[in-house]
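Down below is the structure, laid out as structure tokens.
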Amino acid sequence: MTSGTVHDVVIIGHGIAGAALAWEFLLRGHQPLVIDRLASTTSSLVAAGIVTPITGQRVALGWRIAEFWPVATAFYHATAALLGTNFFHRLPHVRLLSSADEERRWAEKQHDPAFKEWLVSPAPDPLIPKGIIPSPGFAMHSGWLDVPNWLAASRDFLRARNALLHAEAGPVTPNPNGPATIQTSAGPITARHIVFCQGHEASSHPLFSWLRWKSAKGEILDLNIPSLPSDRILNRGVWLLPLGGNRFRTGSGYAWDDFSSTPTPSARAAIESKLQNLLQLPYEVTGHSAAVRPIIRESRAVIGRHPSHPSIAFFNGLGSKGVLHAPWYARQLADCLLHNSPVEYESDLCRND
Ligand SMILES: Cc1cc2nc3c(=O)[nH]c(=O)nc-3n(C[C@H](O)[C@H](O)[C@H](O)COP(=O)(O)OP(=O)(O)OC[C@H]3O[C@@H](n4cnc5c(N)ncnc54)[C@H](O)[C@@H]3O)c2cc1C
């Protein structure tokens, strides 16, 4: 990182987006430089990291799940091989239905081959463990990324290779004919490609001011629940993620008018009230955190080169699907930067709507 060095790729932000892109470059044999201020609360550090193939009140298959899932699982597997630890844990996910409408939708869809592929067969027996309010439901294949520990391991790996700079990134000077320079608290850095992966914070970046953001704050509670089995994720309007032993996480709600990372009593009350529809056991709240999901076009990533400054690129808008979508879009963005491949229209930064 000596002055005068022109880096190939500089990535601003080491959340799920920036880390996935950094690893895509590393796995292809390139050396990126990642710059992050290493804040203690970010969307990625708060995220539960769950991937849910069948979602929502419509009991619908997640958008392009059959394409994204194999890419995501192969990607986290590949990072595990270099990090020496696996952070993506496959786990059955028991979805309990909470209305007659949901039951009707499920009855219509459960024999559809596209759905059946995601069902755990045979389902865990019993499907609903003691301490959970019984209702109809099903078990699907699922998993979760231990995001904070994956990012911590990634940070150490990058740091050991001089590929992580702990600094505040400032203004950037694009250059139409060559590398761009970004000011940082550690001095100016010049690179052929500078990719902004700043999460919700990019909503005030002057170079991307035409994007319309719809970010949403979410909150998570850490729980201690004695005697609830920890072999499955449970979900009935609110999810319960087992972390091992008596430790669980639950959440997470959407607030559209508060972009702080301050946990609120009202969000906690809302989560606990939903939990009453799922859990019959006593529990203790041991932690409470909040962060803002970066949302631009629903939970669909926005990637690509800046329309006027080809050395500047963007990777953001992962919404609530960061773990599932980041590897797919990191791959596309790396192809775009290295080989000038076009990015998919629906996620293109330059899309005009
Ligand atoms: C409560 C909650 C629950 C969630 N649950 C899930 C879930 O179960 N599954 C799932 O897939 N997703 C979940 N998400 C969504 C997921 O967290 C996001 O999709 C993802 O974290 C977005 O990652 P990102 O890298 O774009 O942004 P961020 O995580 O915000 O990362 C941006 C990084 O850039 C750094 N940065 C920004 N500006 C600068 C600067 N000027 N200088 C230096 N560094 C800078 C920040 O410090 C940060 O590290 C959840 C989110 C929340 C809030």
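Residue numbers run from 1 in the order of the sequence given. Only heavy atoms go into these numbers, but all of them, side chains included; no hydrogens, no water, no symmetry mates.
When hydrophobic clusters are built by joining Ile, Leu, Val, Met, Phe, Trp and Tyr residues whose side-chain heavy atoms come closer than 4.5 Å, directly or via intermediates, W63 is grouped together with V59. Side-chain heavy atoms closer than 4.5 Å link hydrophobic residues (I, L, V, M, F, W, Y) into clusters, and following such links, even through other members, never connects V238 to L243. If you chain together hydrophobic residues whose side chains sit under 4.5 Å apart, L145 and I65 fall into the same group. Under a hydrophobic clustering in which Ile, Leu, Val, Met, Phe, Trp and Tyr are joined whenever their side-chain heavy atoms come within less than 4.5 Å, directly or via other members, I50 and I225 fall into different clusters. F196 and L165 fall within the same hydrophobic cluster, defined by Ile, Leu, Val, Met, Phe, Trp and Tyr side-chain heavy atoms under 4.5 Å apart, directly or through other members.
For the pairing with P92, the side-chain contact (heavy atoms from CB on, under 4.5 Å) check across V120, I233, L234 returns one residue only, V120. When each of I194, I303, L211, V195 is paired with F314, the side-chain contact (heavy atoms from CB on, under 4.5 Å) condition holds for L211 and for no other.
The two residues W256 and S215 make their nearest non-hydrogen contact at CE3-O, 3.7 Å. Residues L127 and A139 approach most closely at CD1-CB, 3.8 Å, considering heavy atoms. Between A169 and I35 the shortest heavy-atom distance is CB-CG2, 4.4 Å. The minimum heavy-atom distance between E219 and P263, with the atom names listed, is OE1-CA, 3.4 Å. For the pair G15 and D36, the tightest heavy-atom approach, listed with the atom from each and the gap, is N-OD2, 4.3 Å. Closest approach of P124 and R232 over heavy atoms only: CB-NH1, 3.8 Å.
With a 6.0 Å cutoff to the six-membered ring centre and a 45° limit on the axis angle, R161 counts as a cation-pi contact of F157. Relative to the ring axis of Y254, R293 places its NZ or CZ within 45° and under 6.0 Å from the centre.
Distance alone, capped at 3.5 Å, places no donor-acceptor pair between the H339 side chain and the S341 backbone. Side-chain N or O atoms of S261 include none that pairs as donor or acceptor with a backbone N or O of A291 at under 3.5 Å. Checking side-chain atoms of S43 against main-chain N and O of V292 turns up a donor-acceptor pair under 3.5 Å. Looking at T5, its side chain never comes within 3.5 Å of a backbone N or O of H7 through a donor-acceptor pair. Proximity of a side-chain donor or acceptor of N316 to a complementary backbone N or O of G199 within less than 3.5 Å is detected. Using a distance-only test at 3.5 Å, with no hydrogens or angles considered, no donor-acceptor pair links the side chain of R159 to the main chain of S154.
Around atom NZ of K109, more than 12 heavy atoms belonging to other residues, nucleotides or ligands sit under 6.0 Å away. No more than 12 heavy atoms of other residues, nucleotides or ligands sit less than 6.0 Å from atom CZ of R58. Crowding of R331 atom CZ: a count of heavy atoms from other residues, nucleotides or ligands under 6.0 Å not exceeding 12. By the neighbour-count criterion of 12 heavy atoms within 6.0 Å, atom CD of Q280 is densely surrounded, having more than that number from other residues, nucleotides or ligands. Within a 6.0 Å sphere centred on NE2 of H30, heavy atoms belonging to other residues, nucleotides or ligands number more than 12.
Classification of the H325-F68 ring pair by plane angle, with boundaries at 30° and 60°, yields tilted.
Close placement of the F138 and W106 rings is indicated, their centers lying within 6.0 Å of each other. Ring-centre distance between H200 and F259: below the 6.0 Å cut-off. Residues W150 and Y76 place their aromatic rings such that the two centres sit under 6.0 Å apart. The aromatic ring centroids of W213 and H205 lie 6.0 Å or more from each other.
Atom CZ of residue R105 and atom CD1 of residue I54 lie 14.0 Å apart, to the nearest 0.5 angstrom. Rounded to the nearest 0.5 Å, atoms CZ (F88) and OG1 (T79) are 11.0 Å apart. Going from atom CG of L223 over to atom CG of L275 covers 6.0 Å, rounded to the nearest 0.5 Å. From K116, atom NZ reaches atom CG of L119 across 8.5 Å, with rounding to the nearest 0.5 Å. Distance check, rounded to the nearest 0.5 Å: CH2 of W239 to CG of L278 gives 11.5 Å. Atom-to-atom distance recorded for L240:CG and T250:OG1 is 4.5 Å, nearest 0.5 angstrom.
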Could you walk me through whether E298 and K321 pass the salt bridge (Lys or Arg N to Asp or Glu O under 4.0 Å) test, one step at a time? CA-CA 10 Å; E298 297 172 358; K321 306 281 184 198; over 6 Å; no
Does E24 form a side-chain hydrogen bond (donor to acceptor under 3.5 Å, both in side chains) with Y329? I'd like the steps, not just the answer. CA-CA 10 Å; E24 185 63 31; Y329 289 103; over 6 Å; no
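Using modelled atom types and a 3.5 Å distance limit, the side chains of D101 and S99 yield no donor-acceptor pair. T181 and T190 form a side-chain donor-acceptor contact under 3.5 Å, judged by distance and modelled atom types alone. Under the 3.5 Å distance criterion, with hydrogens and angles disregarded, a donor-acceptor pair is assigned to the side chains of E344 and Q332.
Each side chain to side chain donor-acceptor pair (under 3.5 Å) pair with one or both residues in residues 129-148, not counting sequence neighbours, appears once here: H93-S142, S135-R236, D146-N149.
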